[in-house]
Novice: 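First the structure, then my questions, so here it is.
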Amino acid sequence: MKIIFFGTSNVALPILEALSKKHEIVAVVTSPDAKVGRKQELKESPVSVLATEMKLKLLKPVKVKGEAGFVEELSALGADMFVVVSYGKILPLQVINLPKYKTVNVHFSPLPKYRGPSPIQAALQNGDEYTGSSVFILDEKVDNGPLLSTEIIKIDSDDNYLTLSQKLAYKAAGSINQVLEDYVTGKTTPLPQDEASATYTKIISKTDGQIDWNKSAYEIYNQFRAFFPWPGVWTRWNGKVLKIIDLEPALKSQAEPGSAKNCGLVLDGGKIACGQDTFLWLKMVQLEGKKETLIQDFLNGYSEFVGSELK
RNA sequence: CGCGGGAUAGAGCAAUUGGCAGCUCGUCAGGCUCAUAACCUGAAGGUUCCCGGUUCGAGUCCGGGUCCCGCAA
């Protein structure tokens with residue numbers, strides 16, 4: 001089958017590789033190179049790097065809709081199916097319906113749960129034990145089309161965005177060819193999603209990383225897992241931003257009933273009082289303008305840290 | 001030239017108007033202890049990022065350079 005692959009981030013990579021083993025990838029569409037970092041250097045997307053390595057035809061439209069001649073170019077490639085994984089842009093119907101077998105999307109949640117741009121983060125942040133990946137046929141609404149397959153995987157208690165997205169990506173890559181084959185041969189019937197149980201996620205922004213110390217240590221830990229490595233979690237100390245690079249909820253036996261009235265209070269050893277009489281240990285932090293620092297070193301340098309309050 | 005913070009002992013940080021470069025931890029030696037990441041005593045460890053300037057005297061003031069980081073994007 002001739003396939004055009006749409007993808008941008010790391011999670012798309014294993015699936016592109018898997019597809020290329022069974023099918024002819026006539027083109028890869030990815031987001032344009034973006035300026036990144038303090039020096040504003042242009043950086044190509046992970047999918048762009050892989051596609052270049054694989055010597056695949058690469059397209060980087062700024063806009064899918066408005067770009068002159070883009071739809072015609074796609075059409076001319078004569079693909080049988082489009083496959084979309086974490087592309088980052090919404091495709092118009094005009095594009096979706098071009099190929100014979102339409103456009104298939106891999107979404108990293110058990111749809112209709114967690115539709116939208118941050119399903120992996122949402123599962124972690126909510127402390128879910130299970131999540132999954134879904135393959136469905138795109139329609140005009142976001143993550144709304146009929147399902148071809150859903151796979152469930154367990155979330156480990158120490159999984160973060162990085163590890164979980166890897167697991168999901170490889171799991172999906174392992175079955176994608178079978179799912180597509182069953183689809184084109186008519187072995188599976190696309191199943192409409194249950195609209196009533198749909199939930200939605202939103203785009204993650206930097207401000208989502210700010211810690212609310214009134215939440216329990218476990219909620220904060222889940223926030224930390226969900227936003228690792230980006231945007232990370234942070235708080236304020238002495239009016240400065242303090243990034244929390246690593247943290248760990250304290251065991252119940254380390255709790256000190258009654259002392260958690262001041263949420264955000266720093267106790268000995270870098271233990272922080274959180275909501276619901278819980279505590280967490282800071283393990284590595286970074287003050288704005290400074291480097292990442294082990295909490296022991298940080299405490300050695302800033303003797304006034306213990307007893308102060310994080311906001 | 002987008003905005004801003006920083007570079008001082010192995011690590012993390014101080015150092016007042018320019019005046020012998022300190023603190024906590026670590027390291028080493030000794031002591032105490034059944035024992036310990038505990039406690040006591042002592043020691044080693046510095047080209048204060050680099051180059052130049054001002055000064056009797058510069059970590060500190062001035063000029064230039066290198067590197068690191070936060071924000072924004």
Side-chain angles (χ1 to χ4, degrees), chain A residues 7-12 29-49 60-67 86-90 116-118 121 160-162 165 201-213 220 223-256 259 264-273 279-311:
Chain A
T8 297
S9 68
N10 279 310
V11 289
V29 183
T30 190
S31 292
D33 299 354
K35 290 179 180 179
V36 170
R38 250 187 307 276
K39 292 178 180 173
Q40 294 290 282
E41 287 168 337
L42 279 180
K43 194 177 176 189
E44 53 181 336
S45 73
V47 165
S48 171
V49 174
K60 299 180 181 180
V62 177
K63 286 184 178 177
V64 183
K65 243 178 182 172
E67 191 136 317
S86 165
Y87 174 52
K89 297 186 199 307
I90 294 175
S118 57
Q121 291 93 330
N160 57 42
Y161 173 78
L162 214 55
S165 60
T201 62
K202 53 181 183 175
I203 286 185
I204 308 291
S205 76
K206 193 83 183 177
T207 52
D208 292 321
Q210 182 165 13
I211 293 173
D212 177 359
W213 295 106
I220 293 170
Q223 180 185 8
F224 164 73
R225 297 197 295 153
F227 294 163
F228 178 87
W230 193 90
V233 292
W234 55 276
T235 184
R236 281 185 188 281
W237 178 60
N238 276 354
K240 290 184 176 173
V241 171
L242 184 70
K243 286 176 112 175
I244 312 298
I245 307 300
D246 197 11
L247 63 83
E248 186 176 65
L251 300 174
K252 287 228 169 92
S253 61
Q254 292 168 324
E256 299 161 24
S259 63
L265 186 67
V266 181
L267 307 170
D268 281 346
K271 189 161 71 166
I272 314 296
F279 299 85
L280 62 78
W281 295 99
L282 298 182
K283 292 171 75 178
M284 188 174 283
V285 298
Q286 180 177 26
L287 196 59
E288 63 177 77
K290 306 292 269 185
K291 294 183 182 180
E292 296 181 2
T293 312
L294 287 171
I295 193 64
Q296 293 91 328
D297 295 333
F298 192 82
L299 291 168
N300 277 334
Y302 298 95
S303 53
E304 73 276 24
F305 187 59
V306 172
S308 65
E309 198 174 342
L310 302 176
K311 291 175 183 171

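These numbers were taken from a predicted model, which means no experiment stands behind them. So you know, we letter chains A, B, ... as the sequences are listed, proteins then strands, and number each from 1.
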Novice: Would you mind classifying the nucleic acid contact of A/Thr293 as base, sugar-phosphate or nothing, using non-hydrogen atoms under 4.0 angstrom?
Specialist: sugar-phosphate
Novice: Provide the distance between the two P atoms, one in B/A58 and one in B/C51, to the nearest whole Å.
Specialist: 15 Å
Novice: Using the P atom on both, measure B/C23 against B/A15 and round to a whole Å.
Specialist: 14 Å
Novice: A/Gln286 near the nucleic acid: base, sugar-phosphate alone, or nothing, with a heavy-atom cut-off under 4.0 Å?
Specialist: sugar-phosphate
Novice: Report the distance from atom CD of A/Glu304 to atom P of B/C23, rounded to the nearest whole Å.
Specialist: 17 Å
Novice: Taking A/Gln296 for its side chain and A/Gly270 for its backbone only, find out whether a donor-acceptor pair lies under 3.5 Å.
Specialist: no
Novice: Need the pair for B/C67. Rule: Watson-Crick or G-U wobble, both distances under 3.5 Å, any strand; none if unpaired.
Specialist: B/G6
Novice: Please compare A/Gly289 and A/Phe298 by the position of their nearest nucleotide in RNA chain B and report the one closer to 5'.
Specialist: A/Gly289
Novice: Hey, which of these two, A/Pro231 or A/Gly301, hits RNA chain B nearer its 5' end, going by closest nucleotide?
Specialist: A/Gly301
Novice: Base, sugar-phosphate, or nothing for A/Lys243, non-hydrogen atoms under 4.0 angstrom?
Specialist: sugar-phosphate
Novice: For B/C32, what is the paired nucleotide under Watson-Crick or G-U wobble rules, both distances under 3.5 Å?
Specialist: none
Novice: Between A/Gln296 (CD) and B/C13 (P), how many Å, whole number?
Specialist: 14 Å
Novice: Let's see if you can work this out: which of B/G70, B/A11, B/A14 has an atom nearest to the side-chain heavy atoms of A/Glu288?
Specialist: B/G70
Novice: From the options B/G12, B/C71, B/C13, select the nucleotide whose nearest atom is closest to the side chain of A/Asp297.
Specialist: B/G12
Novice: Is it the case that A/Thr8 and A/Ser31 place a side-chain donor and acceptor less than 3.5 Å from each other?
Specialist: yes
Novice: Report yes if the side chains of A/Trp213 and A/Ile220 come closer than 4.5 Å at any heavy-atom pair, otherwise no.
Specialist: yes
Novice: What is the distance from NZ of A/Lys291 to P of B/G10, rounded to the nearest Å?
Specialist: 14 Å
Novice: For B/G59, give the paired nucleotide (Watson-Crick: N1-N3 plus N6-O4 or O6-N4; G-U: N1-O2 and O6-N3; both under 3.5 Å), or none.
Specialist: none
Novice: Measuring only the P atom in each nucleotide, how far is B/A72 from B/G4? A whole number of Å is fine.
Specialist: 15 Å
Novice: For atom C1', what is the distance between B/A11 and B/G46, given to the nearest Å?
Specialist: 15 Å
Novice: Checking side-chain contact (heavy atoms from CB on, under 4.5 Å) against A/Leu310, which of A/Asn238, A/Leu265, A/Leu242 comes through?
Specialist: A/Leu242
Novice: Using the P atom in both, what is the distance from B/G18 to B/C50, to the nearest Å?
Specialist: 22 Å
Novice: I'd like to know if the side chain of A/Ser86 pairs up with that of A/Ser9 as donor and acceptor (distance under 3.5 Å, no hydrogens or angles considered).
Specialist: yes
Novice: If we take the C1' atom in both B/A9 and B/G26, what is their distance in whole Å?
Specialist: 11 Å
Novice: Suppose you measure atom P in B/C40 against the same atom in B/U24; what distance do you get, rounded to whole Å?
Specialist: 11 Å
Novice: To the nearest angstrom, how far is A/Trp234 atom CH2 from B/C69 atom P?
Specialist: 21 Å
Novice: Under a 3.5 Å cut-off for both contacts, is B/G45 paired Watson-Crick or G-U wobble with anything, and if yes, with which nucleotide?
Specialist: none
Novice: Round to a whole Å and report the spacing from CG of A/Leu282 to P of B/G12.
Specialist: 18 Å
Novice: Counting heavy atoms from C-beta on, name the nucleotide in B/G6, B/G12, B/A72 closest to the side chain of A/Lys290.
Specialist: B/G6
Novice: Please report the distance, rounded to the nearest Å, between CD1 in A/Ile203 and P in B/A73.
Specialist: 14 Å
Novice: When you get a sec, tell me which of B/U24, B/A14, B/C71 is the closest nucleotide to the side chain of A/Tyr302?
Specialist: B/A14
Novice: Rounded to whole Å, please give me the gap between CD1 in A/Ile245 and P in B/G70.
Specialist: 8 Å
Novice: Between A/Lys240 and A/Glu288, is the closest basic N to carboxylate O distance under 4.0 Å?
Specialist: no
Novice: Would you say that more than 12 heavy atoms from the other residues, nucleotides or ligands in this model lie under 6.0 Å from the NZ of A/Lys311, or not?
Specialist: no
Novice: Provide the distance between the two C1' atoms, one in B/U66 and one in B/G52, to the nearest whole Å.
Specialist: 15 Å
Novice: Between atom CZ in A/Phe305 and atom C1' in B/U24, what is the gap in whole Å?
Specialist: 15 Å
